[in-house]
Amino acid sequence: MKNKTCCFTGHRTIYDNEKDLRNKTVSVVKTLINSGYVFFGTGGARGFDLLAAEVIISMKKRYPHIKLIFVLPFKEHTKGWKKDDIILYKKLEKYADKVRVLSDEYYDGCMQKRNRHLVDNSSICIAYKRKNSGGTAYTSDYAEKMGLKIIYL
């Protein structure tokens with residue numbers, strides 16, 4: 001299954017034109033699907049994670065066999081989010097084929113555990129990375145260390 005699984009990592013802030021980023025993501029995902037990828041995992045965070053989930057959901061119309069997997073760091077991971085972001089997440093979660101929650105409660109390091117889980121169960125990582133610090137840098141560095149192919153958008 002790992003050889004048919006791709007994970008996403010990216011910033012909570014979209015620094016580029018969102019439509020262009022979405023189109024690039026669609027293009028890369030389409031290539032992966034045509035290469036046999038079926039499972040697409042995202043961490044359910046604001047920004048790029050939710051954009052990636054939207055892309056997978058929209059592509060299920062043409063490719064109904066693909067699966068969207070949310071890997072969440074803890075149960076109440078949307079606590080403190082803006083109302084619009086929570087509404088978007090809940091809407092997308094309904095279309096997920098699987099939701100994996102790694103912890104009942106927040107703890108120091110739970111986000112990194114979520115990111116490692118995504119990488120450890122994937123063979124390719126699609127990364128939207130614009131700075132060399134934070135969770136996206138940590139995850140893409142870890143993916144590289146673990147030997148994943150990384151596709152930078």
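Predicted model only: the values in this text are computed from it and were never measured.
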Option among Thr5, Ile33, Ile57 that satisfies the side-chain contact (heavy atoms from CB on, under 4.5 Å) test with Phe40: Ile33

Please evaluate residues His11 and Lys131 with respect to the criterion side chain to side chain contact (heavy atoms under 4.5 Å, CB included), reporting the C-alpha separation (whole Å), side-chain torsions for both, the decisive distance (0.1 Å), and the verdict. CA-CA 9 Å; His11 303 295; Lys131 53 186 184 170; 3.6 Å; yes

Between the main-chain N or O of Thr136 and the side-chain N or O of Thr139, is there a donor-acceptor pair closer than 3.5 Å? no

Please name the pair of heavy atoms, one in Ala96 and one in Phe70, separated by the smallest distance, quoted to 0.1 Å. CB-CD1, 3.5 Å

Distance, nearest 0.5 Å, that separates CD of Glu54 from CG of Leu92: 5.0 Å

For the hydrophobic clusters of this structure (ILVMFWY residues joined by side-chain heavy atoms under 4.5 Å, transitively), does one cluster hold both Phe8 and Leu51? yes

Between Ile14 and Tyr89, is there shared hydrophobic-cluster membership here, with clusters defined by ILVMFWY side-chain heavy atoms closer than 4.5 Å? yes

Under the side chain to side chain contact (heavy atoms under 4.5 Å, CB included) criterion, do Asp141 and Lys145 qualify, and how do the steps go? CA-CA 6 Å; Asp141 289 348; Lys145 178 181 167 187; over 6 Å; no

Over all heavy atoms of both residues, which pair between Leu153 and Thr25 is shortest? Give the atoms and the distance, please. CD1-OG1, 3.3 Å

Do you know which two heavy atoms are closest between Gly109 and Gln112, and how far apart they sit? CA-OE1, 3.1 Å

How does the hydrophobic cluster around Tyr106 look, that is, which other residues are in it when side-chain heavy atoms under 4.5 Å mark a link? Phe74, Met111

Val38 with Val99, same ILVMFWY side-chain cluster at under 4.5 Å: no

Mark yes or no for whether Ser103, through its side chain, and Pro73, through its backbone, hold a donor-acceptor pair below 3.5 Å. no

Hydrophobic clusters join Ile, Leu, Val, Met, Phe, Trp and Tyr when side-chain heavy atoms are under 4.5 Å apart, directly or via other members; which others share one with Ile150? Tyr152

Heavy-atom check, side chain of Cys7 versus side chain of Cys125, under 4.5 Å: yes

Results of side chain to side chain contact (heavy atoms under 4.5 Å, CB included) for Ser123 - residues two or more places apart only: Tyr37

From Leu118 CG over to Leu148 CG, what is the distance, rounded to the nearest 0.5 angstrom? 10.5 Å

Answer whether the closest heavy-atom distance between the side chains of Tyr142 and Asn115 falls below 4.5 Å. no

In Å and rounded to the nearest 0.5 Å, what is the OG to CZ distance from Ser27 to Arg22? 14.5 Å

Taking distance alone, no hydrogens or angles, what donor-acceptor pairs closer than 3.5 Å link side-chain atoms of residues 59-67 to residues at least two apart or in another chain?
| unit_1 | atom_1 | unit_2 | atom_2 | d |
| --- | --- | --- | --- | --- |
| Lys60 | NZ | Ile66 | O | 3.0 |
| Lys60 | NZ | Asp97 | OD1 | 3.3 |
| Lys60 | NZ | Asp97 | OD2 | 2.8 |

Do you reckon Val71 sits in the same ILVMFWY cluster as Val119, going by side-chain contacts under 4.5 Å, direct or chained? no

Non-hydrogen side-chain atoms of Leu72 and Leu102 separated by less than 4.5 Å: no

Within-4.5 Å side-chain heavy-atom neighbours: Ile151 and Lys149: yes

Is the number of heavy atoms from other residues, nucleotides or ligands under 6.0 Å of Tyr107 OH greater than 12? yes

Distance check, rounded to the nearest 0.5 Å: His117 atom NE2 versus Ile69 atom CD1? 8.0 Å

Glu93: partners by salt bridge (Lys or Arg N to Asp or Glu O under 4.0 Å), with sequence neighbours left out: none

Is there side-chain contact between Phe48 and Lys129, with at least one heavy-atom pair below 4.5 Å? no

Heavy-atom closest contact (Thr9 atom, Gly135 atom, distance): OG1-O, 4.4 Å

With sequence neighbours left out, what residues match Lys2 under salt bridge (Lys or Arg N to Asp or Glu O under 4.0 Å)? none

Where is the tightest heavy-atom contact between Ile126 and Val29, given as atom of each residue plus distance? CD1-CG2, 4.0 Å

Let me confirm one number: the CZ-CG distance from Arg46 to Asp85, rounded to the nearest 0.5 Å. 6.0 Å

Smallest heavy-atom separation, Ala45 atom then Arg114 atom, equals CB-NH1, 4.5 Å

Between Arg130 and Asp16, does a salt bridge (charged side-chain N to carboxylate O under 4.0 Å, His left out) hold up when you go through it step by step? CA-CA 9 Å; Arg130 292 296 181 263; Asp16 300 285; 2.8 Å; yes

Between Leu32 and Ile56, is there a shared hydrophobic cluster once you connect ILVMFWY residues whose side-chain heavy atoms come closer than 4.5 Å? yes

